[in-house]
S.K.: 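Following this message is one structure expressed as structure tokens.
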Amino acid sequence: YRVLEPMKLNWRADPSLVILPQEDALLYAPNTPKASIEFDFELAEAGHYRVDAVLYAILLGGVYQPLLDGKPVGQPIDLCIANADPKWYRLDTFELAAGKHVLRFEGRDVPSPAARALVKQAHTIGVQKLVLLRLEDMAGYREVTKRLQQPTAKP
């Protein structure tokens, strides 16, 4: 695994209001669902990568759609819960080229089932870690892939 800390990456937020660098996370509270924050990361080698994120879910949290290099990744993530806890989100597995990539979290204007009626939503997202796993670096990955690509013998 390659663990990326958001404060050590190039990042951009729109609107760039209420960005709170913490010791273990970057908190973004744009006070509007029409917001986004994105992170640049570099890959030295092309390959199949599993991309994950450790995000904080909090009472003032919003709903965010992850995008990798401009393409949606899975379903929107609801980050509104009663307490403040980091949670590991497995985003997906991708074939990525060497070079620069952008992981973006784009706000969605949809209500969270966990939102409280008397609490104004700040649409907060807390990014603690981005995690990359190059599958080719895992023991046995190439052998299993070769076996799966071989035609099966007919009985």
S.K.: State the CD-CD distance between Glu106 and Gln65, to the nearest 0.5 angstrom.
M.R.: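 Atom-to-atom, Glu106:CD and Gln65:CD are 7.5 Å apart.
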
S.K.: Would you give the length of the straight line joining atom NE2 of His101 to atom CG of Leu43, rounded to the nearest 0.5 angstrom?
M.R.: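 Between His101 NE2 and Leu43 CG, I get 4.5 Å after rounding to 0.5 Å.
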
S.K.: Can you give me the closest heavy-atom contact between Tyr64 and Pro30, atom names plus distance?
M.R.: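 Scanning both residues, the minimum pair turns out to be OH-CG, 3.6 Å.
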
S.K.: Find out whether Leu67 and Glu38 are in side-chain contact, i.e. whether some heavy atom of one side chain is under 4.5 Å from a heavy atom of the other.
M.R.: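 In short, these two side chains do not touch, never coming nearer than 4.5 Å.
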
S.K.: As an exercise, state the distance from NE2 of His48 to CD of Glu95, rounded to the nearest 0.5 Å.
M.R.: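 CD of Glu95 is found 4.0 Å from NE2 of His48.
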
S.K.: State the CG-OH distance between Leu133 and Tyr1, to the nearest 0.5 angstrom.
M.R.: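 Answer for the CG-OH pair, Leu133 versus Tyr1, is 5.0 Å.
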
S.K.: Would you indicate whether the side-chain heavy atoms of Leu132 and Leu96 approach each other to under 4.5 Å?
M.R.: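 No, every pair of side-chain atoms sits at 4.5 Å or beyond.
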
S.K.: Where is the tightest heavy-atom contact between Gly126 and Leu27, given as atom of each residue plus distance?
M.R.: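 Taking every non-hydrogen atom into account, CA-CD2, 3.4 Å.
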
S.K.: Is there a path from Val54 to Val63 through hydrophobic residues (I, L, V, M, F, W, Y) whose side chains come within less than 4.5 Å of each other?
M.R.: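 Different clusters: Val54 never reaches Val63 through Ile, Leu, Val, Met, Phe, Trp or Tyr contacts under 4.5 Å.
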
S.K.: According to a 4.5 Å side-chain heavy-atom criterion applied to Ile, Leu, Val, Met, Phe, Trp and Tyr, with indirect links allowed, do Leu135 and Leu4 form part of one hydrophobic cluster?
M.R.: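 Different clusters: Leu135 never reaches Leu4 through Ile, Leu, Val, Met, Phe, Trp or Tyr contacts under 4.5 Å.
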
S.K.: If you round to the nearest 0.5 Å, how far is CD of Glu136 from OH of Tyr49?
M.R.: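 One finds 7.5 Å between OH of Tyr49 and CD of Glu136.
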
S.K.: To check you understand the geometry: which heavy-atom pair defines the closest contact between Pro15 and Lys34, and what is its length?
M.R.: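 Reported closest heavy-atom pair: CD-O, 3.9 Å.
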
S.K.: Do Asp40 and Arg12 come close enough that some side-chain heavy atom pair is under 4.5 Å?
M.R.: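 SC-SC contact between Asp40 and Arg12 confirmed.
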
S.K.: Do you know which two heavy atoms are closest between Arg50 and Trp88, and how far apart they sit?
M.R.: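 That would be NH2-NE1, 3.9 Å.
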
S.K.: With hydrophobic residues grouped by side-chain heavy-atom distances under 4.5 Å, do Phe41 and Leu91 end up in a single group?
M.R.: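 Same cluster.
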
S.K.: Any non-hydrogen side-chain atom of Pro76 less than 4.5 Å from a side-chain atom of Phe105?
M.R.: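 No, their side chains stay 4.5 Å or more apart.
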
S.K.: Are Leu130 and Leu79 joined in one hydrophobic group, where the rule is that I, L, V, M, F, W and Y side chains link up if heavy atoms are under 4.5 Å apart?
M.R.: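 Leu130 and Leu79: one cluster.
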
S.K.: Is there a path from Ile37 to Val18 through hydrophobic residues (I, L, V, M, F, W, Y) whose side chains come within less than 4.5 Å of each other?
M.R.: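 Unlinked, Ile37 and Val18 end up in two clusters.
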
S.K.: If you define the side chain from C-beta out and look only at heavy atoms, does anything of Leu26 sit under 4.5 Å from Phe39?
M.R.: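 Contact flag for Leu26/Phe39 side chains = yes.
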
S.K.: With a 3.5 Å distance limit and no angle check, can you tell me whether Tyr56 reaches the backbone of Gly61 through a side-chain donor-acceptor pair?
M.R.: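 No: the side chain of Tyr56 does not pair with the backbone of Gly61.
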
S.K.: Mind listing the closest non-hydrogen atom pair of Glu42 and Arg2 along with its distance?
M.R.: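 Closest approach of Glu42 to Arg2: O-NH1, 2.7 Å.
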
S.K.: Any salt bridge between Lys129 and Asp52, counting N to O under 4.0 Å?
M.R.: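 Result for this pair is no, no salt bridge flagged.
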
S.K.: Roughly how far, to the nearest 0.5 Å, is CD1 of Ile77 from CZ of Arg108?
M.R.: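 So the CZ of Arg108 and the CD1 of Ile77 are separated by 11.5 Å.
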
S.K.: Looking only at heavy atoms, what is the nearest atom pair of Pro86 and Gln128, with distance?
M.R.: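 So the minimum-distance heavy-atom pair works out to CB-OE1, 3.6 Å.
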
S.K.: Determine whether Ile19 and Trp11 make a side-chain contact, defined as any pair of heavy atoms from C-beta on separated by less than 4.5 Å.
M.R.: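 Heavy-atom side-chain distance check passes, below 4.5 Å.
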
